[in-house]
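Model, not experiment: these values are computed from the prediction. What you see below is based on every heavy atom in this structure, not just the backbone, and it leaves out hydrogens, waters and symmetry mates.
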Amino acid sequence: MEATKTVLSPEARREAESLMKKYPDPGAALLPILHIAQREFGHISTDVEEYVAALTGLSTTRVHGVVSFYTMYRKAPGGKYLLQLCTNVSCTLAGAEDLLGHLIRRLGVSPGETTPDGKFTLLTVECLGACGSAPAMQINDDYHEELTAEKIDRLLDSLV
């Protein structure tokens, strides 16, 4: 959901300011502040990057660099549920390609797309840090490991 006015709610602003007080360099709080902004606005648009830069006293270039580097920041509006399937080596060897095919068939969308009902956005990501329990997928902020097509179906059904 695109914010009509890029300003954090008073509660989120207090949370961000509290984080900045914990660090001598406000840049050290950038990642969690971006999470707060994403929670508030749904994704990190250019306007949100500029707002966070002003809030933290950092350059917009630095904020944009962080947003564009990390896969956990959404750059565009998406579905209610963000499905991020790991396709790195461990997950691929454990069957992630088959699971991706299953998700594409089940949802009717390709990676980078959102279902017509706005419920799911499907992405592939390089690493979720769950190599020991591959294949793995993150749904919004929750990790799911040792996945099978059946487990994915149960997860998706529980979100309906």
Within one Ile-Leu-Val-Met-Phe-Trp-Tyr cluster: Tyr23 and Leu55, side-chain cutoff 4.5 Å: no
For a 4.5 angstrom cut-off between non-hydrogen side-chain atoms, does Thr87 reach Glu97? no
Nearest 0.5 Å, please: how far is CG in Asn140 from CD in Gln84? 8.5 Å
Within the 3.5 Å criterion, strictly below it, is a donor on Ser9 or Glu40 matched to an acceptor on the partner's side chain? yes
Heavy-atom closest contact (Phe120 atom, Leu156 atom, distance): CE2-CD2, 3.7 Å
Hey, could you give me the NE2/OG1 distance between His64 and Thr61, rounded to the nearest 0.5 Å? 8.5 Å
What is the minimum heavy-atom distance between Ala134 and Ser90, and which atoms define it? CB-O, 3.6 Å
Apply salt bridge (Lys or Arg N to Asp or Glu O under 4.0 Å) to the pair Asp117 and Lys80, showing each step before the final yes or no. CA-CA 10 Å; Asp117 63 2; Lys80 180 178 180 181; over 6 Å; no
My understanding is that only residues two or more places apart in sequence, or in another chain, count here; which of them pass side-chain contact (heavy atoms from CB on, under 4.5 Å) with Gln38? Ile44, Tyr73, Arg74
Student check: side-chain heavy atoms of Leu82 and Leu122 closer than 4.5 Å: no
Leu85 to Ala136 - nearest heavy-atom pair and separation: CD1-O, 3.6 Å
What are the two closest heavy atoms between Pro111 and Thr124, and how far apart are they? CG-CG2, 4.0 Å
Is it true that a side-chain atom of Ser18 and a backbone atom of Arg14 form a donor plus acceptor pair closer than 3.5 Å? no
Shared ILVMFWY cluster between Ile33 and Phe69, side chains joined below 4.5 angstrom? yes
Would a single hydrophobic cluster contain both Tyr70 and Val52, if residues Ile, Leu, Val, Met, Phe, Trp and Tyr are joined by side-chain heavy-atom contacts under 4.5 Å? yes
Hey, any chance Val125 and Val89 share a hydrophobic cluster, counting ILVMFWY side chains that come within less than 4.5 Å of each other, even indirectly? no
Any ion pair linking Asp141 and Arg39 (charged N to carboxylate O, less than 4.0 Å)? no
Any non-hydrogen side-chain atom of Leu107 less than 4.5 Å from a side-chain atom of Ile104? no
Hey, could you give me the CD1/OG1 distance between Ile139 and Thr121, rounded to the nearest 0.5 Å? 12.0 Å
Between the SG atom in Cys91 and the CG atom in Leu99, the distance rounded to the nearest 0.5 Å is 9.0 Å
So, for Glu145 and Ala130, which heavy atoms are closest and what is the spacing to 0.1 Å? OE2-CB, 3.2 Å
Is the closest side-chain heavy-atom distance between Ile152 and His102 below 4.5 Å? yes
Verify, without hydrogens or angle tests, whether Thr60 (side chain) and Ala53 (backbone) share a donor-acceptor contact under 3.5 angstrom. no
Honestly curious: do Tyr81 and Leu100 fall in one hydrophobic cluster under the side-chain, below-4.5 Å linking rule? yes
Leu83 and side chain to side chain contact (heavy atoms under 4.5 Å, CB included): which partner among Thr115, Leu123, Leu103, Leu155? Leu103
Using side chain to side chain contact (heavy atoms under 4.5 Å, CB included), reason through Arg106 and Asp153 one step at a time and then give a plain yes or no. CA-CA 9 Å; Arg106 162 108 190 219; Asp153 286 341; 3.0 Å; yes
Beyond-backbone contact of Ser45 with Val48, side-chain heavy atoms, under 4.5 angstrom: yes
Would you check if Lys151 and Thr148 make a side-chain contact, meaning some heavy-atom pair closer than 4.5 Å? yes
Can Glu17 and Lys21 be counted as an ion pair, charged N to O under 4.0 angstrom? no
Between Tyr51 (side chain only) and Thr46 (backbone N and O only), is there a donor and an acceptor less than 3.5 Å apart? no
His35 side, atom NE2; Leu30 side, atom CG - distance, nearest 0.5 Å: 9.5 Å
Approximate separation, where rounding is to 0.5 Å, of Ser59 OG and Glu49 CD: 10.5 Å
Show the numbers, then the answer: is there a side chain to side chain contact (heavy atoms under 4.5 Å, CB included) between Asp47 and Phe41? CA-CA 10 Å; Asp47 288 345; Phe41 304 116; over 6 Å; no
Return the minimal non-hydrogen interatomic distance between Leu58 and Gly27, and the atom names on each side. CD1-CA, 3.7 Å
